[in-house]
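Written below as structure tokens is the structure these notes are about.
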Amino acid sequence: MPQHRVAGVRRTEPPGAGQENLVVVLTNGSHRTCTVYGFPGPAFVDGAGEAVTPDPGRTGGQDARAVTLAPGACAWSALSFTPPAVSGVTAVTPAALLVTPPGETASIRDRWSGGEVSDRGKASVPQVSPLRPGDGG
């Protein structure tokens with residue numbers, strides 16, 4: 001099974017009108033080439049690893065495709081949401097973002113420093129795009 005790691009979660013510039021736009025980067029940490037296909041499975045969790053938000057939805061209008069990753073190569077996905085302060089919904093500040101690569105069951109934990117996210121309601125539910133080659137930069 002390939003070994004992946006979250007290489008980073010960072011804001012993209014500019015964030016857009018009332019949107020938080022982040023890039024989640026997965027890196028092939030193994031010594032073999034691997035292929036990922038589809039959407040990562042992100043989950044915002046508290047310090048105990050319990051989910052604190054609804055599962056992010058999948059961005060519509062973007063087809064999934066296979067991304068072949070040589071050792072050390074990256075794939076990225078956009079993670080977007082409306083900040084709770086803008087949408088007026090209740091909020092929570094997650095301790096971490098868990099990312100499960102497509103086709104795998106083990107999650108990768110990355111400390112969350114992105115601020116508040118909605119803990120309920122459709123107005124601010126994050127959307128995730130399919131993985132693409134590169135680091136999203």
Side-chain angles (χ1 to χ4, degrees):
M1 176 177 297
Q3 176 188 7
H4 296 95
R5 61 183 162 80
V6 175
V9 177
R10 68 178 188 283
R11 282 188 166 72
T12 60
E13 296 293 333
Q19 279 290 112
E20 288 288 340
N21 298 307
L22 307 165
V23 174
V24 176
V25 180
L26 294 177
T27 301
N28 179 359
S30 76
H31 297 289
R32 296 184 334 198
T33 297
C34 71
T35 301
V36 292
Y37 177 84
F39 295 78
F44 293 102
V45 298
D46 61 19
E50 299 295 322
V52 294
T53 66
D55 289 337
R58 292 180 173 185
T59 303
Q62 297 183 28
D63 294 330
R65 61 181 179 203
V67 179
T68 301
L69 300 175
C74 300
W76 69 278
S77 173
L79 179 66
S80 302
F81 61 94
T82 303
V86 172
S87 61
V89 297
T90 59
V92 64
T93 301
L97 176 68
L98 295 183
V99 179
T100 306
E104 295 190 23
T105 57
S107 297
I108 305 158
R109 183 181 181 100
D110 191 50
R111 187 179 63 78
W112 178 252
S113 59
E116 294 183 327
V117 296
S118 172
D119 63 353
R120 66 179 60 94
K122 295 187 183 229
S124 292
V125 172
Q127 297 287 309
V128 64
S129 73
L131 288 165
R132 299 286 185 240
D135 65 6

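All values below were derived from every heavy atom in this structure, side-chain atoms included, with hydrogens, water molecules and symmetry-related copies excluded.
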Given 3.5 Å as the limit, does a donor-acceptor pair link the side chain of S30 with the main chain of R32, or not?
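Pair found, side chain donor or acceptor close to backbone of R32.
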> Judged by atom type as modelled, is there a donor-acceptor pair below 3.5 Å linking the side chain of S77 to the main-chain atoms of S129?
Replying inline: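 Checked: pair present.
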| message | Which residues pass the side chain to side chain donor-acceptor pair (under 3.5 Å) test with T100, not counting sequence neighbours? | response |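 Partners of T100 under the side chain to side chain donor-acceptor pair (under 3.5 Å) test: S107.
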Less than 4.5 Å apart, any side-chain heavy atom of [X] and any of [Y]?
X: L131; Y: L26; value: yes
X: R111; Y: P94; value: no
X: N28; Y: V36; value: no
X: P102; Y: Y37; value: no

How many angstroms lie between CG in D135 and SG in C74, if you round to the nearest 0.5 Å?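 If I round to the nearest 0.5 Å, the distance is 6.0 Å.
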Quick check on the hydrophobic clustering: are [X] and [Y] connected, directly or via other members, by side-chain heavy-atom contacts under 4.5 Å?
X: V99; Y: W112; value: yes
X: V67; Y: L79; value: yes
X: L98; Y: V23; value: no

ask   = Between T35 and A66, what is the shortest heavy-atom contact and its length?
value =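 It is CG2-CB, 3.8 Å.
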Result block: side-chain N/O donor-acceptor pairs under 3.5 angstrom for residues 39-64, not counting sequence neighbours:
from, atom 1, to, atom 2, distance (Å)
D46, OD1, A48, N, 3.0
D46, OD1, G49, N, 3.1
D46, OD1, E50, N, 2.9
T59, OG1, V128, O, 3.1

